[in-house]
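One-based numbering along the sequence shown. Just so you know, these numbers come straight off a predicted model, no measurement behind them.
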Amino acid sequence: MRSYLMNFVRKSPVITGIALGLMLIIIFVVSQQSPVRNDEEEKAIEVTVFKSGLLPFRVEARGYGVVQPSETWQAFASVAGKVVRKHHNLESGATISEGELLLALDPSRYELAVAEAKSSINNLEEELLKLNVEQKHTERLYELEKERLKLSENELNRMQELFRSGAVAQSKFEEQQRVTISQRQTVEKLDNTLVLFKNNRNQVLSQLERGYIHLAQAEEDLKDTRFIAPYDLQIGDVAIELHQFVKTGQLLFKADDLEAVEIEARIPYSVMQRLIANLTTRREPVSTSSENLDLSKVIAEITHAETDEAYWKGNVIRVANGLDALTRTARVTVRVDNPQHGAHSHAHQELIKNMYTKVVLSVPSIVPLMAIPVSSVHQGEIWLVNDDNRLMRRKVKVEFEQNGLAVIASGLEPGELIITDDLPLAINGMLLDPYHDEKLQHKIEVMALGEQQ
């Protein structure tokens, strides 16, 4: 038998190997120990949570814009003349106080024009006074001559009755006729003279009115020879020198108002729509224009575009009609008063012309909003802790994000516990050990109120 087996192994090595393998498998299965049951309890994972709730919220709109003076004075010469006076500080970048004389042109020719106009007016006023006196004298004489004419006509009528009765001669009657006719001519001449007085007086009045106009123009031209600072200003470009002759319409210098600056910020249309929607209680869509909107409710803060070390408070004064043609953004103009000294910072800061700035507008939301940290939203879902301290994953709809907060439109109810930790593996139903972070809860409330807190 043994020799038979040896011969079989040599002749059929493959079958022999398979048989040996099966024998080894049977031995391993038989000798395998049963798994040991782990009777330890399920371990809870520690997580940090906060409680969801409807929070008072300030809706913000952010944009960028360039600082420009609220008013720029471009000084053009209204009259021609030689520069006879120039402020010692009339140079680009200098600041000059309100009321100071900046520039003066030679006034001699304009002073002469004023004197001529006044002289002409005086002559006309004297002529008018003379006409008035003569007219009053003629009117009194006219009344007297009319009385004489009345007496003469009565005498003529009496003489005519006597002539008809033969009581007086014809020569007497004809003589009275001549006297009456002469008196009529005198009254007629005086009447014509009064008419001429009226025409002459109207003519002098017309000339006097033109004289006053010429005087006003001459005085205005004389005034235009002096350039006085209308407000505290900063000088820009200066294109004139002392003793230089300037022509009418020539640009002399430019100056900017120091009282305030304006910034036209470009803000995304959808963001601006959301802010404006909280300025009205109407349900229908609202326009981005400032018509019928109480812009005084909007708080505006301005900072340098590259740093937030300093900020300025501003007021929204208008919202432009329509969108910017290039960027399709809303255009909001913010005014900042006292830009040189109104900065909220430890170091001296100021808003200067053409500075690129960031503008943040904010208004209180009409209704409280459900806001949570953006980091608590994981690809459209949040992780909650249920009443059994088990993890529960839920889809939510985010309406918008602002200042690190996500405003939830749906999928979350007040009072639910939200996990803030970024778990490596979040499985529905896993046991949790939640810790309520009170500091985080307060921080979220402050963030919801924006940077005004």
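At a threshold of 4.0 Å, the pair R335-D337 counts as salt-bridged, since one of the basic side-chain nitrogens sits closer than that to a carboxylate oxygen. Ion pairing of E301 with K313 is present here, as a side-chain N (NZ or NE/NH1/NH2) and a carboxylate O approach within less than 4.0 Å. We find that E125 and K130 are not joined by a salt bridge, their nearest charged nitrogen and carboxylate oxygen being 4.0 Å or further apart. With respect to the salt-bridge test (charged N to carboxylate O, under 4.0 angstrom), the residues E399 and R274 do not qualify. The residues K86 and E241 are annotated as salt-bridged, a charged nitrogen and a carboxylate oxygen being separated by less than 4.0 angstrom. Ion pairing between R62 and E60 holds under the 4.0 Å rule for side-chain N and carboxylate O.
If you look at F253 and W73, their ring centroids are closer than 6.0 Å.
Interatomic distance, CG of L233 versus CG of D257, reported as 7.5 Å (0.5 Å rounding). Rounded to the nearest 0.5 angstrom, F57 CZ and E445 CD are separated by 13.0 Å. For the atom pair CD (E350) and CG (N338), the distance works out to 10.5 Å, reported to the nearest 0.5 Å. Atom OG in S376 sits 6.5 Å away from atom CD1 in I444 (nearest 0.5 Å). The distance from atom NZ of K136 to atom CD of E139, rounded to the nearest 0.5 Å, is 8.5 Å. A distance of 9.0 Å separates CD in E100 from CG in D232, rounded to the nearest 0.5 Å.
When atom types are taken as modelled, the side chain of R331 and the backbone of N321 share a donor-acceptor pair closer than 3.5 angstrom. With N278 contributing its side chain and I366 its backbone, the two residues share a donor-acceptor pair below 3.5 Å. T138 places a side-chain N or O within donor-acceptor distance of the main-chain N or O of E134, the cut-off being under 3.5 Å. In this structure a side-chain-to-backbone donor-acceptor pair under 3.5 Å is missing from D237 to K254. For E143 (side chain) and R140 (main-chain N/O), no donor-acceptor pair under 3.5 Å exists by modelled atom type. No donor-acceptor pair under 3.5 Å is formed between the side chain of H304 and the backbone N or O of E306. Here the side chain of Q250 pairs a donor or acceptor atom with the backbone of K247 at under 3.5 angstrom. In this structure, the side chain of T420 does not engage the main chain of V49 through any donor-acceptor pair within 3.5 Å. At distances below 3.5 Å, not a single donor-acceptor pair connects side-chain atoms of S365 with backbone N or O atoms of V59. Distance alone, capped at 3.5 Å, is enough to place a donor-acceptor pair between the S70 side chain and the A260 backbone.
Residues satisfying the side-chain hydrogen bond (donor to acceptor under 3.5 Å, both in side chains) criterion with D324, sequence neighbours excluded, are R266, T327. With sequence neighbours excluded, no residue forms a side-chain hydrogen bond (donor to acceptor under 3.5 Å, both in side chains) with T193. The side-chain hydrogen bond (donor to acceptor under 3.5 Å, both in side chains) check on T303 picks up D308, with sequence neighbours excluded.
No side-chain donor-acceptor contact under 3.5 Å links Q203 and N199. Checking N354 against Q68 by side-chain atom types alone, a donor-acceptor pair falls below 3.5 Å. Between D437 and T48, the side chains place no donor N or O within less than 3.5 Å of an acceptor N or O (distance only, hydrogens not considered).
Looking only at side-chain heavy atoms (C-beta outward), K198 and L194 stay at 4.5 Å or farther from each other. Looking at V385 and L391, their side chains never come closer than 4.5 Å, going by heavy atoms from C-beta outward. Using a 4.5 Å heavy-atom threshold, the side chains of L412 and I372 count as touching. Within the 4.5 Å cutoff, the side chain of L101 has heavy atoms near those of the R226 side chain. The shortest distance between side-chain heavy atoms of V83 and V246 falls below 4.5 Å. Annotation: side chain of V298 is in contact with side chain of L279 (closest heavy-atom distance under 4.5 Å). Under the 4.5 Å side-chain criterion, counting only non-hydrogen atoms from C-beta, T357 is in contact with L351. Side-chain atoms of L105 and V79, non-hydrogen and from C-beta on, do get closer than 4.5 Å to each other.
Atom CG of N192 has more than 12 heavy atoms from other residues, nucleotides or ligands within 6.0 Å. For E413, the CD atom sits in a loose shell: 12 or fewer heavy atoms of surrounding residues, nucleotides or ligands are nearer than 6.0 Å. Atom CD of Q441 has more than 12 neighbouring heavy atoms from other residues, nucleotides or ligands inside a 6.0 Å radius. Surrounding OH of Y64 are at most 12 heavy atoms belonging to other residues, nucleotides or ligands under 6.0 Å away. Taking a 6.0 Å sphere around CZ of R109, one finds it holds 12 or fewer heavy atoms contributed by other residues, nucleotides or ligands. For H442, the NE2 atom is loosely surrounded, since the number of other residues' heavy atoms within 6.0 Å does not exceed 12.
Smallest separation of non-hydrogen atoms from L361 and A300: CD2-CB, 3.6 Å. Shown here for P56 and L449, the closest heavy-atom pair between the two residues is O-CD2, 3.5 Å. For the residue pair D388 and L431, the shortest heavy atom distance occurs at O-CD1, 4.2 Å. The two residues Y110 and A80 come nearest to each other via the heavy atoms OH-O, 2.5 Å. P434 and L432 get closest at one heavy-atom pair: CD-O, 3.5 Å. For the pair S97 and A229, the tightest heavy-atom approach, listed with the atom from each and the gap, is O-CB, 3.4 Å.
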**Request:** Please step through side-chain contact (heavy atoms from CB on, under 4.5 Å) for the pair W383 and D422, ending with a clear verdict.
**Result:** CA-CA 10 Å; W383 301 338; D422 189 10; 4.1 Å; yes
**Request:** Dump the intermediate steps for side-chain contact (heavy atoms from CB on, under 4.5 Å) on L90 and L103, then the final yes or no.
**Result:** CA-CA 8 Å; L90 187 60; L103 202 69; 4.1 Å; yes
**Asked** Should Y142 and D191 be marked as a side-chain contact (heavy atoms from CB on, under 4.5 Å) after you check the CA-CA gap, both sets of side-chain angles, and the distance that decides it?
**Response** CA-CA 7 Å; Y142 176 70; D191 187 54; 3.7 Å; yes
**Request:** For the pair F227 and L252, evaluate side-chain contact (heavy atoms from CB on, under 4.5 Å) and give the outcome as yes or no after the intermediate values.
**Result:** CA-CA 10 Å; F227 294 83; L252 306 179; 3.3 Å; yes
**Item:** side chain to side chain donor-acceptor pair (under 3.5 Å) assessment of D221 paired with Q217
**Value:** CA-CA 6 Å; D221 289 343; Q217 182 63 55; 3.0 Å; yes
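Residue E381 forms a salt bridge (Lys or Arg N to Asp or Glu O under 4.0 Å) with just one option from R393, R394, K397, and that option is R393.
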